[in-house]
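Residues: numbered from 1 along the sequence shown.
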Amino acid sequence: MSATATPPPRSPQFSQDELAMLSKTADALSAYLGKPVLAEVGQSDAGTEWVTFGVPIDEQAETDEAHAHVQLGGPASRLLGNRGGLPMSDNVTYDCAYLWAIEISVTADERFVKLDHDGEESAWSDDLIDVLPFGLSDDDLVDDDEDDDTDDDEDDDITGTGASPLSPDSETHPWGKRRH
């Protein structure tokens, strides 16, 4: 492309691969927190999309007014993932504790902007993986032995010993090498 050529416009919407990655993130957060985590895709009046992550609040629990709340779900909502075990009804709206959001930006080198639990911009990147709390690439599933020596009992260990791609603190988990 020449220096004077205008780059093609970037889509203001998430691609199917990006939606799949956001869906996996919601499921991973549900497993990590031990609570359902909902992720809902929304669209601004300008046509740019965002996704909001939240944890449904128990109706009997005391409400924490200091923490931001969002309504997720309901008719015409676009929820991602398996909803953390919640019923798959499209008519239920949940009052949720807001965790964070990712919005698509039209700014160069900032396709994705992460908004923290206070709604403040906390990260931005042209790559979605850079603003997610977990590594979700296939490279995270590959064991990188520095000396490329194979262990004699490697075949006996079906689960591997590398860091889990779902662990934000890179702990070693027995399920870290499985592919689903």
Side-chain angles (χ1 to χ4, degrees), residues 12-45 47-105 110-125 127-138 140-141 163-176 178-180:
Q13 299 178 336
F14 294 107
S15 70
Q16 290 302 313
D17 288 342
E18 292 164 348
L19 289 171
M21 197 177 301
L22 292 164
S23 179
K24 289 177 185 178
T25 299
D27 293 342
L29 283 169
S30 293
Y32 182 74
L33 296 175
K35 299 177 185 179
V37 173
L38 299 179
E40 182 176 334
V41 179
Q43 189 169 23
S44 73
D45 293 337
T48 57
E49 288 186 331
W50 73 85
V51 64
T52 301
F53 290 83
V55 175
I57 299 171
D58 184 9
E59 293 175 3
Q60 280 70 38
E62 287 187 35
T63 59
D64 180 7
E65 297 303 324
H67 198 83
H69 290 229
V70 292
Q71 299 291 315
L72 298 178
S77 65
R78 289 175 53 201
L79 290 175
L80 301 174
N82 293 318
R83 304 179 191 190
L86 292 174
M88 294 297 245
S89 171
D90 292 331
N91 295 322
V92 178
T93 302
Y94 297 94
D95 183 30
C96 297
Y98 170 77
L99 295 176
W100 50 279
I102 295 176
E103 60 184 20
I104 293 181
S105 170
E110 294 181 9
R111 175 164 164 73
F112 304 102
V113 177
K114 182 177 182 178
L115 305 175
D116 67 13
H117 63 278
D118 291 324
E120 300 292 325
E121 290 184 5
S122 62
W124 48 89
S125 177
D127 296 317
L128 180 58
I129 195 102
D130 293 340
V131 296
L132 295 176
F134 301 109
L136 293 173
S137 71
D138 285 340
D140 292 332
L141 297 174
S164 169
L166 304 179
S167 176
D169 56 1
S170 298
E171 291 179 7
T172 300
H173 292 287
W175 62 85
R178 291 189 187 151
R179 288 185 161 209
H180 299 285

Next on the checklist: To the nearest 0.5 Å, what is the distance between OG1 on Thr25 and CD on Glu18?
Outcome noted: 11.5 Å
Checklist outcome for this item: One should read off an interatomic distance between Ser15 OG and Met21 CE, to the nearest 0.5 angstrom, of 8.0 Å
Next on the checklist: Restricting to ring pair (Phe, Tyr, Trp, His ring centres under 6.0 Å), what partner residues turn up for Trp50, sequence neighbours left out?
Outcome noted: none
Checklist entry - Which atoms form the tightest heavy-atom contact between Ile104 and Pro12, and what is the distance? => result CD1-O, 3.5 Å
Checklist outcome for this item: Rounding to 0.5 Å, atoms CD (Gln71) and OG (Ser77) come to a distance of 11.5 Å
Checklist entry - Just how far is it from atom CG of Asp58 to atom NZ of Lys35, taken to the nearest 0.5 Å? => result 10.0 Å
Checklist entry - Does Arg111 come within less than 4.0 Å of Glu103, counting only side-chain N to carboxylate O? => result no
Next on the checklist: Arg78 vs Leu19, test: side-chain contact (heavy atoms from CB on, under 4.5 Å). Steps then yes/no.
Outcome noted: CA-CA 11 Å; Arg78 289 175 53 201; Leu19 289 171; 3.8 Å; yes
Next on the checklist: Checking the side chain of Ser30 only, and the main-chain atoms of Val37 only, is there a donor and an acceptor separated by less than 3.5 Å?
Outcome noted: yes
Item to check | Distance under 6.0 Å and angle within 45° of ring axis: Lys114 vs Trp124 | outcome: no
Checklist entry - Taking all non-hydrogen atoms of both residues, which atom of Tyr98 and which atom of Gly119 are closest, and how far apart? => result CE2-N, 4.1 Å
Item to check | Trace of the side-chain contact (heavy atoms from CB on, under 4.5 Å) decision for Leu22 with Leu132 | outcome: CA-CA 8 Å; Leu22 292 164; Leu132 295 176; 4.0 Å; yes
Checklist entry - Closest heavy-atom contact between Phe53 and Ala39? => result CE2-CB, 3.6 Å
Item to check | Any side-chain heavy-atom pair of Leu38 and Cys96 under 4.5 Å | outcome: yes
Next on the checklist: Quick one, Phe14 with Glu49, criterion side-chain contact (heavy atoms from CB on, under 4.5 Å). Give me CA distance, side-chain angles, the key distance, then yes/no.
Outcome noted: CA-CA 7 Å; Phe14 294 107; Glu49 288 186 331; 3.3 Å; yes
Checklist entry - How about Asp130 and Phe112: do any of their side-chain heavy atoms sit closer than 4.5 Å? => result no
Next on the checklist: Test side-chain contact (heavy atoms from CB on, under 4.5 Å) on Leu115 and Glu121; report intermediate values, then the result.
Outcome noted: CA-CA 4 Å; Leu115 305 175; Glu121 290 184 5; 3.7 Å; yes
Next on the checklist: Do Leu80 and Glu40 make a side-chain contact, defined as non-hydrogen atoms from C-beta onward lying under 4.5 Å apart?
Outcome noted: no
Checklist outcome for this item: Minimal heavy-atom distance between Pro36 and Arg83, with the atoms involved, is CB-O, 3.8 Å
Item to check | Any side-chain donor near an acceptor of the partner, Asp116 and Ser122, under 3.5 Å | outcome: no
Item to check | Thr52 side chain near Leu72 side chain, heavy-atom distance below 4.5 Å | outcome: yes
Checklist entry - Between the main-chain N or O of Asp127 and the side-chain N or O of Ser125, is there a donor-acceptor pair closer than 3.5 Å? => result yes
Checklist entry - Are any side-chain N or O atoms of Asp27 and backbone N or O atoms of Asn82, one a donor and one an acceptor, separated by less than 3.5 Å? => result yes
